[in-house]
Amino acid sequence: MESFLIKGGVPLHGEVQISGAKNAVLPIMAATLLTAEPCVIRGVPDLSDVKFMAQILTWLGAKVDVHGGTVRTQAKKIKGQGDYDLVRKMRGSICIMGPLLGRLKTARVSLPGGCVIGARPINLHLKGFAALGAKIKIESGYVEATAKRLVGSAMFLGGRAGSTVLGTANVMMAAVLAEGVTVIESAACEPEVIDLAKFLSAMGAKISGVGSPTMTITGVKELHGAEHEVIPDRIEAATYAIAAAATNGEVTIKGARAEHLHAVIDKLREAGVVVERKGPNLLVRRNGRLKSSDVTTLPYAGFPTDVQAQMMALMTQAPGISIITERIFESRFMHVSELSRLGADIEIEGPSAIVKGGKPMSGAPVMASDLRASAALVIAGLTAKGTTKVNRIYHLDRGYENMDVKLRALGARIQRVEES
Ligand code: EPU
């Protein structure tokens, strides 16, 4: 297993190029199962999650070639069920269920378990499939959806925390090949869902209302092959913006789409960070002392849960009290104890973390628990005095392309080492 060794205290300076969005590319790769024709996806980040999804598609019978940021697939003949266990390993792969159900009218996958950020149920995905006429069976750790025919209907897909991103994606991918009209109320509005809808439309699907809570899908008989360029990763862009602010640096974030980052930019400005839009780029610069700031995560266009941990790392640097409230995943605070090892003063009170910022931070060995928690630890390590060792960085490699290389180019003293 590998770790990052970070010598903190260097302000980041320069330019960083943002890669394609992990959470857009995974469902788009799954969507290629909807047609027997070839598909091409460009701007694909080099991530272990992408390799993993490629393995799943291959296992299902598709031809998949991942090369130089382009994924080429052709799913001439695929199987809808079998003894595949891969879904349990990567939760994002649950989104193969919608395309399998849409194309083959049957899908069987191992039930994804919970993970460190929370329970992560799929009841809303299944509610949507059932509304399209599928029979759902859960047995021996597997979930199965089967239908003689899928028929469009109106459904409400809101849950305890609001809309569901992959639930919306999954139901959308089944509904594009259902008979008649499907209306999803409380549909997710995330840019990644819009990107998927764009790809599906390029394949011949008929979808309207994308990006609003009411999405309407008129089923078609079949879809054809398509090409697509994935949107830039707004979470990666936010992570580098926060790293620039935390280290008192100045960084141009190339290809960050400001229109996907309103909530993050707003909070950074509230915290005293200068964020300027320069065409397709963002210039992020610290303007003196940071100010404390309260943040609550919400579905899009609210503050993203995937940036909560990184924002907390930033708020450890801001004198005063910041209250960070997590409204999407109930236990997404695994980074708190590790940030505390570096000297942060944070207390958890129900769904909120109370950060008493401005305390001196010093390097220590810390353990990455999930993808975004790991990013928060890297940011904290970049600001801390001395050396921080972030263990288990395979979590980071799931969702950040070459993070160590990109940070080194910005002047950070960061090395990838084999864990001893
Ligand atoms: N929920 C239900 N029932 C469901 C589905 C979700 O109650 O059937 C609840 C969840 O428990 C949670 C909320 O709804 O409280 C929102 O979860 P959502 O379904 O939107 O999450 P997801 O689709 O499983 C995606 C991203 C996550 C990101 C969330 C929220 C991918 C591959 N994953 O997950 O990304 O945090 O949306 O924006 O797109 C990450 O990249 O680090 C990551 C975890």
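Side chains included, hydrogens not; waters and symmetry mates left out as well; all remaining heavy atoms used.
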Is [X] salt-bridged to [Y], going by a charged N under 4.0 Å from an acidic O?
X      : Y      : answer
Glu276 : Lys278 : yes
Arg277 : Glu259 : yes
Glu236 : Lys22  : no
Arg332 : Asp306 : yes
Lys254 : Glu15  : yes
Arg42  : Glu227 : yes
Asp370 : Arg398 : no

[Y] and [X], any side-chain heavy atoms less than 4.5 Å apart:
X      : Y      : answer
His335 : Gln308 : yes
Gln415 : Asp404 : no
Glu330 : Arg160 : yes
Arg372 : Val307 : no
Leu283 : Glu250 : yes
Val378 : Tyr400 : no
Cys95  : Met53  : yes
Phe303 : Leu298 : no

Consider only side-chain N and O atoms of [X] and [Y], and report whether a donor and an acceptor are under 3.5 Å apart.
X      : Y      : answer
Thr325 : Ser352 : yes
Arg234 : Tyr300 : no
Ser369 : Glu338 : no
Lys406 : Ser19  : yes
Asn170 : His125 : yes

Checklist outcome for this item: When every non-hydrogen atom of Ser292 is compared with those of Ser322, the smallest separation belongs to CB-OG, 3.3 Å
Checklist entry - What heavy-atom pair brings Glu2 and Ile393 nearest, and what distance separates the two atoms? => result O-CG1, 3.1 Å
Item to check | Derivation of the salt bridge (Lys or Arg N to Asp or Glu O under 4.0 Å) call for Arg91 and Asp49 | outcome: CA-CA 10 Å; Arg91 200 174 181 294; Asp49 269 10; over 6 Å; no
